[in-house]
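Chain letters run A, B, ... following the sequence lines, proteins first, then strands; residues in each count from 1. Keep in mind that the numbers below use all heavy atoms, side chains included, and drop hydrogens, waters and symmetry copies.
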Amino acid sequence: MSQQETHRSEQTDQSPEAAAYDVRAVQDKWLPVWERLNPFQADDDSPREKKYALTMFPYPSGDLHMGHAEVTALHDVIARYWWQRGYEVLNPMGWDSFGLPAENAAIRNDEHPATYTYANIETQYESFKRYGISFDWSRRLHTSDPEYYRWTQWLFLKFRERGLAYRKSSPVNWCPNDQTVLANEQVVDGRCERCGAEVTKRELTQWYFKITDYAQELLDCLDDLEPTWPARVVTAQRNWIGRSEGAHVDFAVEGRDEPIRVFTTRPDTLYGATFMVVAADAKLAAELVTDEQRPALEAYLDDVRKESDIDRLATDRPKTGVFLGVHATNPVNGEQVPVWASDYVLADYGTGAIMAVPAHDQRDLDFAKAFDLPVRMVVDVPGEDDPATTYVATSGDGTYVNSGPLDGITDKATGIRTIIEQLEADGTGTGTVNFRLRDWLLSRQRYWGVPIPIVHCDACGEVAVPYDQLPLELPELRGADLKPKGVSPLAAAEDWVNVDCPQCGAPAKRDSDTMDTFVDSSWYFLRYCSPGYEDGPFDVEKAKAWMPADIYVGGVEHAVLHLLYARFFTKVLADMGMLEVREPFAAQLNQGIVINQGKKMSKSLGNGVSLGDQLAEFGVDAVRVTLVFAGPPEDDIDWADVSPAGALRFLQRAWRLSGDVTSAAGTPAAGGDVALRRITARTVTDAAELVESYRFNVMVARVMELVNATRKAIDTGAGPADPAVREAAETVAILLSLVAPYVAEEMWERLGHEPTVAKVGWPEVDPALLVEESVTAIVQIQGKVRARLEVAPDISEADLEQLALADAGVVKAIDGRPVRKVIVKAPKLVNIVV
RNA sequence: GCCCCGGUAGCCCAACGGCAGAGGCGAUGGUCUCAAACACCAUUCAGUGUGGGUUCGAAUCCCACCCGGGGCACCA
């Protein structure tokens, strides 16, 4: 902040002229009043229609920042609009309060993670209140409270009973820095989503949610969400789920009972399969390899393991691999094809093995070229040369050749259908669908999370902690005890981890992992419906009344994380009979981020903008107006492009109106200046439409217009006593209550009313005021404007055409040329073609 | 490589296929002031990334390309 600006605002505050708007005094004045009135507490039993406004709950790291300010300011426009429109609005807030930052802070400061967590929650809570968001604080929750995570554990056990939570040994993503495993969704470009460290693989036995059981439904329902969800989220989820249709095909191996099963999307090219490739790191490779070739495979695996995931992601690396020494039988033509192992085939997608058709898959062709394997074209694509000579694989439609019964078929769909029928008849394959989505790995080797309520008993195996013993609370650990060691810190808490088996009473051990914090956030929006409920995670009747959330405002970074998991939980709970809806969020709005000088704010760049400083200098309302007015909600806001000082000026202009009105409160507006009344009516009507289509920036612009028009009416028009001026000023206060609650409340009081303006209701509009007395019709010749006519709004097309053709300027512009065509769109336009 | 989203005055952004400008920022001039700040008034500026097409008429619809942002990517 420049010295000058700081100086200026101080002067404004201390100005002896009482006419100046004192930002701080107004905030201090209304906050306790609102606290007392508590206008935003949602009533479950209200007869009014219900709306559920949801925004992504924050993680309690430090105080609120610009990002929180933006998302909640945008969100609050909708919530407050709904209240004004007469809905009963549920607008809750809570904290996603388990997680690594608190744990890392605890290690640093030798304290308990709860200390950091709950201190920050209090700070953020106070900041939110001052920021004037219309949250219903009576529903506040924290996912780290035992009363909350008791139900997270309950849900885990219920999911397990349904076969949707299970343990398996598998290669998993491991973050060497945070010393914990990660879900697929938390690995971004081979790096840990949280800390950026390169992710490695480990073979571990871990807990998974069987989200893949819902892959098809998660995909199908996206069609219904498409109209009301951001396109990028829908696309991201579709890509992530990654459905492909194809076939499983079995290749028999001599001397082995089990055939090698492959997944392919192109079973129609089966006659061109000249070799097979198994993922080098899959168990299958080790099983298949001959003793002779085993040293070669192991040497290759050593090389592969040296490569990080980052290296593996490079698409242009040369193909490598090793022959396993065995052959398999192509089921359609009986050919013996060699089986290779390579790292370009992924162990955990499909079956971990592929049939290689080098002529029609570029990756297979590159491999064939590297190892001098045969290439056989089976689809003759018109206009493309034989891949065996060009080394460019073809994948389009063409005529099948060298393909037995397929020969002569000319389209892919028929080819695929025909070959699948044959495979199914022979018992060597089946049509199938494959998904890219993997099961959700939920175990974490860290302390500050929900303990997994399972006891491992030598005799009984996995035993669930009985429901009546929930919550299974965390042991008290702090400081150095929490240091990551590669196993959960809970494992070292001897008193906690050693228990008697709940089933047989023998000594046993608790599961020492905690749950991914995304489990906590997969159902918090349900808990808000009945936050104190003690007989289950939520009251089924209350959830029925409020769900689904009508709007969910939050960041797009959760496109395939939280938003996918929450959808999965909702579907499972629906199947459990606890929810009527199968989708949690009816509509969604993703806000952009606040940047500065073209770059993300960061400590290293030194371009951070402190929310606290901005609020201190310009006040809550001006900051909120700045964020809402900056542009469309989805766009990023560059703080260097916006002007909180300008927003404050606007608010002061608006506020001044309320002091200028001289008519008494309650004066009927009828009979007031019609021109101003029309502007007011039009603004109210448009504002509703603009809010409903999330064009909040335009809505603010329209309020600015109304303020300008009212100013003009007071100074040079109808005058301060005109009832239309009062109507306009009151409308400004109501519209501003969506964005600038303090100024709006202050205006409302100065206009002679009781608080709170936030719930006075949306202004009624006399439809007669929306009908224009006359409109300007434009007359174009060859699409160029040549004349303007003032006409009645209900003028007929014939009359308008006649009027236009008779206009002196038009006659002159036509200049005697013959009129070939006249397009009339009454009452606004006439286009004459000559 | 494939798929989304966007490109409009000096800047941020508006504009049912119909007058390119709603609003703001900035700049300039004026009123007020001893002067300045604040406030108020006024003025200022683009033909919509490029090239085609559809249309009576295109910022808007279609095609290609360029630029910026994002998603997916050795997924068989």
Atom CH2 of A/W639 and atom P of B/rG24 are separated, to the nearest Å, by 18 Å

To the nearest 0.5 Å, atom CD1 of A/I260 lies from atom CD1 of A/I354 at 11.5 Å

- Item | Side-chain touch A/F650/A/V703, heavy atoms, less than 4.5 angstrom | yes

Residues in residues 823-831 of chain A with a heavy atom under 4.0 Å of RNA chain B, by number, are A/I823, A/K825, A/L829, A/N831

With the side chain defined as heavy atoms from C-beta on, A/F629 is closest, among B/rA22, B/rG24, B/rC41, to B/rG24

What's the gap between B/rU48 and B/rU60 when it is taken at their C1' atoms, as a whole Å value?
10 Å

- Task: Can you tell me, in whole Å, how much space there is between the C1' of B/rA73 and that of B/rG24?
- Result: 42 Å

* **C1' spacing across the pair B/rA58 / B/rU8, given as an integer number of angstrom** => 14 Å

Using a cut-off of strictly less than 4.0 Å, decide whether A/Y349 has a side-chain nitrogen or oxygen near OP1 or OP2 of B/rA76. yes

Note to self: Between B/rC32 and B/rA37, how far apart are the two P atoms, rounded to whole Å?
What the structure shows: 15 Å

Here the distance between atom P of B/rG70 and atom CG of A/D635, to the nearest Å, is 14 Å

message: Would you say A/N708 places a side-chain N or O within less than 4.0 Å of OP1 or OP2 belonging to B/rA22?
response: no

Mutual orientation of the aromatic rings belonging to A/F371 and A/F367 [parallel < 30°, tilted 30-60°, perpendicular > 60°]:
tilted

Atom CE of A/M704 and atom P of B/rA14 are separated, to the nearest Å, by 13 Å

- Task: Would you tell me if any nitrogen or oxygen in the side chain of A/R232 comes within less than 4.0 Å of OP1 or OP2 on B/rC3?
- Result: no

Open item on the list: So A/S244, base contact, sugar-phosphate only, or nothing? Heavy-atom distance under 4.0 Å.
Closed with: sugar-phosphate

- prompt: Going by heavy atoms in the side chains, are A/V725 and A/T710 under 4.5 Å from each other?
  reply: yes

Work out how far the P atom of B/rG49 is from that of B/rG7, and round it to whole angstrom.
8 Å

#### Entry: Sidechain N-carboxylate O distance under 4.0 Å for A/K600, A/D636
no

* Asked: What nucleic acid atoms does A/R820 come within less than 4.0 Å of, heavy atoms only: base, sugar-phosphate, or nothing?
  -> nothing

A/L800 atom CG is separated from B/rG18 atom C1', nearest whole Å, by 13 Å

Regarding B/rG47, purine or pyrimidine glycosidic angle vs 90° from 0 gives syn

Out of B/rA22, B/rC74, B/rC40, minimum distance to the side chain of A/V698 belongs to B/rA22

With sequence neighbours left out, the residues meeting side-chain contact (heavy atoms from CB on, under 4.5 Å) with A/A73 are A/Y131, A/R624, A/V628

Would you say A/N697 reaches B/rA14's phosphate, i.e. side-chain N/O to OP1/OP2 under 4.0 Å? yes

Here the distance between atom C1' of B/rC74 and atom CG of A/L365, to the nearest Å, is 14 Å

Intra- and inter-strand pairing of RNA chain B, written as dot-bracket with Watson-Crick and G-U pairs under 3.5 Å and | for the latter, reads (((((((..((((....[..).)))((((((.......))))))....(((((..]....))))))))))))....

Would you call A/D686 and A/R682 a salt bridge, using N to O less than 4.0 angstrom?
yes

**Prompt:** Do the side chain of A/Q780 and the base of B/rG57 come within less than 3.5 angstrom through a donor-acceptor pair of N or O atoms?
**Reply:** no

If I pick the C1' atom on B/rC13 and the same atom on B/rA76, what distance separates them, to the nearest angstrom? 47 Å

Which part of the nucleic acid, if any, lies within contact of A/R695, taking any heavy atom under 4.0 Å across all strands shown: a base, the sugar-phosphate backbone alone, or nothing? sugar-phosphate

Separation of B/rC12 atom C1' from A/E634 atom CD, nearest Å, is 16 Å

Of A/T320, A/D366, A/D364, the one forming a side chain to side chain donor-acceptor pair (under 3.5 Å) with A/Y344 is A/D364

Assert: residue with more 5' nearest nucleotide on RNA chain B, out of A/P632 and A/N434, is A/P632

- Query: Considering only the P atoms, how many Å lie between B/rC25 and B/rC38, rounded to the nearest integer?
  - Reply: 12 Å

Are A/I814 and A/L805 close enough that some pair of their side-chain heavy atoms sits under 4.5 Å apart? yes

State whether A/R649 places a side-chain N or O below 4.0 Å from either non-bridging phosphate oxygen (OP1 or OP2) of B/rA39.
yes

When rounded to whole Å, the CD1 to C1' distance for the pair A/I778 and B/rA20 reads 12 Å

When A/A231 and A/T265 are each assigned the nearest nucleotide of RNA chain B, the 5'-most assignment goes to A/A231

Point to revise | C1' spacing across the pair B/rA59 / B/rC16, given as an integer number of angstrom | key: 14 Å

Phosphate OP1/OP2 of B/rC40: any A/R653 side-chain N/O under 4.0 Å: yes

Q. Do the non-hydrogen side-chain atoms of A/T351 and A/H248 ever get within less than 4.5 Å of each other?
A. yes

In whole angstroms, the gap separating P of B/rG23 from CG of A/L651 amounts to 17 Å

Item checked: A/K828 atom NZ, neighbour heavy-atom count above 12 within 6.0 Å -> no

Heavy atoms only, 4.0 Å cut-off, all strands: where does A/R243 land among base, sugar-phosphate and nothing?
nothing

Does the side chain of A/N330 come under 3.5 Å of the side chain of A/Y271 through a donor N or O and an acceptor N or O? no

